[in-house]
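The structure under discussion appears below in the form of structure tokens.
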Amino acid sequence: MISIRNLCVELGDFTLKDASLDVEDGEYMVVVGPSGAGKTVLLETIAGLFHPRRGEIRLRGRDVTRLSPEERHVSIVYQDHALFPHLSVRDNILFGLRMRKTDAKQSRQAFSRAVELFNIAALLDRDPTTLSGGERQKVALARALCVSPDVLLVDEPLSSLDPRTREEIEAELQRLHRALDVTTLHVTHNFEEAVALGDRIAVIGEGEVKQVGTPEDIFRKPNSEFVAGFAMSRNIYPGELCAADAGRRGFKSGNLLFYLENGNAAGNRAVIRPEDVMLLPREVLPNGGNTFAGEIVRIADRGSTLYVDVQLPPVITALATRHTFREMNLKTGMRVGVCFDASSVHVFQE
Amino acid sequence: MISIRNLCVELGDFTLKDASLDVEDGEYMVVVGPSGAGKTVLLETIAGLFHPRRGEIRLRGRDVTRLSPEERHVSIVYQDHALFPHLSVRDNILFGLRMRKTDAKQSRQAFSRAVELFNIAALLDRDPTTLSGGERQKVALARALCVSPDVLLVDEPLSSLDPRTREEIEAELQRLHRALDVTTLHVTHNFEEAVALGDRIAVIGEGEVKQVGTPEDIFRKPNSEFVAGFAMSRNIYPGELCAADAGRRGFKSGNLLFYLENGNAAGNRAVIRPEDVMLLPREVLPNGGNTFAGEIVRIADRGSTLYVDVQLPPVITALATRHTFREMNLKTGMRVGVCFDASSVHVFQE
Amino acid sequence: MRSRILPRAWLKGTFLILGGIILLFIIAPVGKMIFASSPSILMESLRDSEITSSILLTLYAALLATVIGFVLGVPLAYLLAKTQFPGKKLIEGIIDLPLVIPHSAAGIALLFVFGRNYFMGQAFDGIGIRFLDSLAGIVIAMLFVSVPFLIDSAKEGFKKVDPRLENVARTLGATPWKTFSRISFPLARRSITAGCILMWARGMSEFGAVIIIAYHPMIAPVLVYEKFETYGLNYARPIAVILILISLVVFVVLRFLLYRRERS
Amino acid sequence: MRSRILPRAWLKGTFLILGGIILLFIIAPVGKMIFASSPSILMESLRDSEITSSILLTLYAALLATVIGFVLGVPLAYLLAKTQFPGKKLIEGIIDLPLVIPHSAAGIALLFVFGRNYFMGQAFDGIGIRFLDSLAGIVIAMLFVSVPFLIDSAKEGFKKVDPRLENVARTLGATPWKTFSRISFPLARRSITAGCILMWARGMSEFGAVIIIAYHPMIAPVLVYEKFETYGLNYARPIAVILILISLVVFVVLRFLLYRRERS
């Protein structure tokens with residue numbers, strides 16, 4: 001549906017080198033990357049607002065690389081919504097239909113469908129500057145969708161909202177995507193948002209597409225330190241594969257030996273997600289497998305959850321719920337046991 | 001140490017009505033509230049940059065309400081660091097010592113101590129505009145602290161940083177506070193940040209100080225829907241106290257009955273934190289106590305953790321780790337059991 | 001807008017006194033001219049056809065210059081605000097040139113291009129337009145000295161239009177022309193109007209360049225000078241007062257527009 | 001600065017043609033004056049003491065006006081940029097008044113205050129300063145028409161100084177005066193310098209107000225007019241060219257400053 005091949009964009013300090021990405025028909029793809037990674041530029045390039053230096057963009061099989069924005073049938077929704085301040089909500093939504101000279105009947109239908117879908121009939125005569133953040137978001141989506149675009153591009157739709165409106169709009173986007181099935185490319189710097197919404201996630205950084213996959217893949221099977229770090233997999237250890245006892249495979253990092261699941265993973269880095277690391281009282285620590293003992297050196301309180309750093313050495317970070325934290329009465333300086341499944345250790349080549 | 005009494009500030013739309021707050025000597029107090037709650041204005045009022053309409057501010061027992069900023073011995077660190085762009089890092093740090101006409105020897109000592117504390121000797125001849133976010137933060141703190149202020153005011157120090165620098169500066173602030181023991185008032189809109197750093201937290205909103213207490217208090221014992229909502233305690237139920245079986249106390253909300261711990265809590269709202277709600281397969285659900293069964297209606301993926309909404313009715317939200325999520329193979333539409341301790345139910349009067 | 005603690009009294013006092021002197025220096029002459037004039041003399045002057053026709057000529061010529069400036073200048077302002085190209089800074093410099101060139105020298109320079117013996121002068125002569133001592137001459141003199149005000153104001157107006165609004169319009173199917181006429185121009189309209197008024201006011205006030213190219217027909221600022229030279233201060237005064245009053249009215253409208261632009 | 005897709009060829013072409021006409025209209029007279037002048041005639045003019053002394057007088061008078069404008073105007077600009085008070089909009093309006101008042105009318109207005117028979121004229125007469133046909137008269141005429149440029153530019157400069165920098169300075173122990181002299185003024189310096197140069201250039205270019213108050217001693221713009229009236233176009237030309245060249249040099253320095261201000 002969207003097929004990007006060897007795209008190369010240059011803008012001041014920023015460059016996107018040789019990026020390729022495919023988005024399936026009806027898919028919700030989230031592109032995630034740090035601020036300044038050129039996510040907005042990527043969207044604007046797809047929309048035709050920005051000329052790539054090299055590369056090809058195809059939408060529904062049609063090569064649009066040289067087309068003007070108005071010929072691409074791609075709608076864009078910016079972070080600040082970009083409603084036309086001199087037009088009423090109604091005229092904002094009708095703008096695209098008028099510009100595309102849609103015939104009157106079809107236009108009326110598309111308009112009423114969009115108004116109904118977003119439940120914004122009450123806002124139609126308002127001035128966009130008087131709307132709340134959530135309302136502006138809905139109007140911007142209605143305006144973008146009532147021209148029935150082939151592709152919807154969404155730029156950081158949640159980042160300027162407060163936490164509660166954010167959850168509401170997140171649910172709205174999910175509902176909308178299920179209802180309309182429009183191919184969507186959503187960019188964000190927020191990894192949680194990507195996990196919550198994406199059918200698949202593309203991680204970009206350092207001017208490259210680093211990894212594309214399902215949220216679960218990105219989470220559990222990062223292909224590089226960049227992706228692992230961005231997904232906040234705090235436990236990344238350099239080392240090498242080795243044979244462990246009883247014919248099992250292992251990964252040796254310094255003095256530690258991690259047991260691995262059987263499989264054909266190969267590489268020189270092992271990563272274990274903090275939420276896969278269990279904390280146990282030292283007394284109940286089982287024998288064998290990936291079990292270690294160490295001292296708690298830091299507890300970072302995140303509210304509902306806490307990150308507990310245990311010095312083995314090296315330091316391994318475990319995610320504890322507040323419930324565990326209270327039950328085990330965790331404290332800095334306390335000695336505890338940690339354990340994790342062999343299946344939780346993912347090995348990749350850096 | 002800082003004692004604010006009946007402070008009333010007006011600025012355009014924003015008003016702070018009758019705010020009172022005490023900060024102990026050497027305490028790290030975090031003031032948390034939604035954007036636009038006037039947190040920066042509060043800091044600027046304490047620093048003397050903004051005149052309150054009414055009320056009194058005392059620092060170390062001295063009434064400073066009518067004093068100019070330069071007479072208050074209060075240092076402020078803004079979110080964007082506000083380094084003087086026309087001065088070198090060295091001259092930025094020395095600015096306060098020069099303005100206060102500190103004598104040469106004392107000035108040299110204070111300067112070297114600050115430089116050493118923040119490990120910024122290598123930056124001294126740099127132009128502030130060339131520094132990274134983390135470096136700017138350190139220089140701004142060094143400048144603020146080398147005049148030995150009675151009080152340090154910090155405005156959203158972490159919100160403009162990327163997640164990893166944020167954790168680093170968070171650790172830096174903790175280390176610093178342990179080393180210097182300077183009374184600190186830190187404002188933020190980020191509840192997690194408040195929990196991670198504050199000895200105590202003050203929640204402000206709707207122009208008032210809503211609640212002051214330890215992070216644990218704010219978390220588990222909110223005194224209002226505003227605080228409970230801000231702390232993301234998703235499960236808030238209206239109802240009333242009643243007697244339950246076997247002489248135990250209960251809280252009745254619609255058809256549900258929650259058992260309470262014995263105590264003298266009274267009120268018309270019950271709140272249960274999502275992380276205190278356990279999900280269990282229906283088969284192993286124990287009898288009696290706070291145990292219910294229901295259907296999963298929504299799963300909001302937050303990466304390491306997931307929020308699972310279970311329709312009893314009403315809806316109750318549980319926090320599950322990714323580990324639990326995979327083990328129980330949770331899915332929308334699945335029927336599960338939920339349970340929580342009587343001690344997890346907190347009752348307050350709205 | 002964040003309020004701040006005012007500087008301490010002595011600093012503020014000193015600054016107020018210094019600032020007050022310059023304010024008085026501006027207000028006093030203007031105020032005295034207006035308030036010390038007897039309305040009856042002003043009314044009488046308004047019945048003097050030499051005075052009224054010179055004032056109407058001034059307003060009309062400045063208006064013509066503004067219309068030409070609008071047609072030629074607004075598109076340029078749009079290009080400067082919205083596109084990047086090499087030499088843009090140079091072009092922006094050229095546009096502001098008339099602001100610093102001494103007005104009488106500008107008049108001489110214009111004559112060397114539009115005078116009857118020179119290139120443009122001859123070209124226009126072919127279609128019956130002459131510049132020396134004519135309305136056309138007054139208009140080009142006014143245009144030359146005042147067009148930078150319109151172009152700069154329109155440019156600032158276009159720059160303030162969020163490019164994302166134009167981007168959204170394009171993706172919704174608007175052609176570049178529709179995007180300009182439906183989005184950019186309406187959103188910059190207040191700045192453009194302010195620029196037009198400023199250009200008109202500046203054109204009306206021009207004296208040095210006009211007097212070189214066209215002593216006759218006599219625009220009002222030239223008439224003020226003529227009366228002053230020929231009959232003295234008291235005879236120049238009524239026309240000067242009328243001119244200042246007209247400028248004030250235009251100016252108040254302009255400030256009002258600028259004020260609303262700032263607020264929006 | 002985000003680059004955008006350029007408007008389609010025809011729209012851009014039309015806009016370029018319209019914009020090109022106005023650019024040519026500005027460049028042609030100035031360029032022709034400069035490039036068609038023979039250097040030998042210019043050199044000769046520079047040996048004519050009437051010309052050189054009028055040019056030096058122009059530069060000197062404009063400099064004096066700028067110094068006075070700096071001392072009186074910068075503090076006012078600071079107050080306007082950094083404090084809120086009722087009537088601020090009115091004061092900002094008053095400061096911009098000279099921009100729209102016709103220059104010859106401004107000259108008349110100044111005479112009604114600074115003329116020997118009027119209030120300020122008499123006051124200054126007491127300390128030996130007269131305005132009619134004197135350097136002092138030239139300076140006040142230049143000051144009146146050009147001080148808005150300095151005040152506006154300085155005000156913009158002060159406004160761009162982040163109030164939080166001043167707040168931090170205050171909490172670190174700086175008094176209001178130290179905060180002004182160590183933080184606000186240095187950070188606004190480029191805008192203030194640009195304002196001074198603009199004021200100086202504008203003062204130098206003034207003709208209408210000066211010719212009313214002081215035909216003699218003759219500043220260069222008046223000399224251009226005098227030569228043109230008495231001997232004709234070709235005799236006025238060398239002085240006009242020299243004046244334009246001086247303006248250009250000043251202007252290039254100014255653009256350079258403004259350009260660096262925009263980038264920083």
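Sequence lines set the chain letters: A, B, ... in the order given, protein chains first and strands last, and positions in each chain run from 1. Hydrogens, waters and symmetry mates play no part in the numbers below; they use all other heavy atoms, side chains included.
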task = Please report the shortest heavy-atom distance between C:Phe144 and D:Pro29, naming the atom on each side.
result = CE1-CG, 4.3 Å
key: chain C contacts, top residue of D:Ile140, D:Val252, D:Val74 (heavy-atom pairs, under 4.5 Å)   = D:Ile140
ask   = Measuring heavy-atom distances to chain C, does D:Phe228 have an atom under 4.5 Å in its side chain, in its backbone, in both, or in neither?
value = side chain
key: Top contributor to chain D interface from C:Leu110, C:Ile151, C:Leu198, C:Leu233 [non-hydrogen pairs under 4.5 Å]   = C:Leu233
query = By a 4.5 Å heavy-atom criterion (distance strictly below it), what part of C:Phe112 contacts chain D: side chain, backbone, both, or neither?
reply = both
request  = Report yes or no: does D:Ser104 contribute a side-chain atom to a donor-acceptor pair with the main-chain N or O of C:Pro221 at less than 3.5 Å?
outcome  = yes
request  = Heavy atoms only, distances under 4.5 angstrom: which of C:Ser247, C:Ala28, C:Ala201 has the most pairs with chain D? Name it, please.
outcome  = C:Ser247
Largest heavy-atom contact set with chain D, pairs under 4.5 Å, which of C:Leu99, C:Val100, C:Ile21, C:Ile91 = C:Val100
query = Checking heavy atoms, do the side chain of C:Ile17, its backbone, both or neither come under 4.5 Å from chain D?
reply = neither
Other residues, nucleotides, ligands: >12 heavy atoms within 6.0 Å of D:Tyr235 OH = no
request  = Look up atom CZ in C:Phe25 and atom CE in D:Met120, then write down how far apart they are to the nearest 0.5 Å.
outcome  = 9.0 Å
message = Before you tell me yes or no, could you show the steps for D:Lys32 and C:Tyr118 under side chain to side chain contact (heavy atoms under 4.5 Å, CB included), namely the whole-Å CA-CA distance, both residues' side-chain angles and the distance that decides it to 0.1 Å?
response = CA-CA 11 Å; D:Lys32 186 154 183 233; C:Tyr118 299 96; 3.2 Å; yes
task = Go through C:Leu254, C:Leu243, C:Leu97, C:Val222 and name the one with the most non-hydrogen pairs under 4.5 angstrom from chain D.
result = C:Leu97
Chain C interface, residue from D:Leu16, D:Ile246, D:Leu248, D:Ile211 that has the most non-hydrogen pairs under 4.5 Å = D:Ile211
query = Picking from D:Ala240, D:Ala209, D:Gly107, D:Pro75, which has the most non-hydrogen pairs under 4.5 angstrom with chain C?
reply = D:Pro75
ask   = Between atom CZ of C:Phe180 and atom CZ of D:Phe15, what is the distance when rounded to the nearest 0.5 Å?
value = 4.0 Å
request  = Sort C:Val147 into side chain, backbone, both or neither according to what part of it lies under 4.5 angstrom from a heavy atom of chain D.
outcome  = side chain
inquiry  = Looking at C:His103, is its backbone amide N or carbonyl O close enough to the side chain of D:Ser205 to form a donor-acceptor pair, meaning the two atoms are under 3.5 Å apart?
reply    = no
query = Between C:Ile94, C:Val250, C:Val30, which has the largest tally of heavy atom pairs under 4.5 Å with chain D?
reply = C:Ile94
task = Name the region of C:Ile239, side chain, backbone, both or neither, that has any atom closer than 4.5 Å to a heavy atom of chain D.
result = neither
ask   = What's the shortest heavy-atom distance between C:Ala105 and D:Met33, and which atoms?
value = O-CE, 4.3 Å
message = Between D:Leu23 and C:Leu76, does the side chain to side chain contact (heavy atoms under 4.5 Å, CB included) criterion hold? Intermediate values first, please.
response = CA-CA 9 Å; D:Leu23 278 176; C:Leu76 184 62; 4.1 Å; yes
note = One option among D:Ile108, D:Ile34, D:Val241 has the most heavy-atom pairs under 4.5 Å with chain C, and it is D:Ile108
task = Against chain C, work out which of D:Val224, D:Val113, D:Ile26, D:Ile101 has the most heavy-atom pairs shorter than 4.5 Å and name it.
result = D:Ile26
key: Spatial distance of atom CG (C:Leu11) from atom OG1 (D:Thr179) [nearest 0.5 Å]   = 9.0 Å
ask   = Can you tell which of D:Val71, D:Ile68, D:Ile95, D:Asp96 has the highest number of heavy-atom pairs within less than 4.5 Å of chain C?
value = D:Asp96
query = Of the listed residues (C:Leu143, C:Thr58, C:Ile27), which shares the most heavy-atom pairs with chain D below a 4.5 Å separation?
reply = C:Leu143
inquiry  = With a 4.5 angstrom heavy-atom cut-off, is it the side chain or the backbone of C:Phe85 that approaches chain D, or both, or neither?
reply    = neither
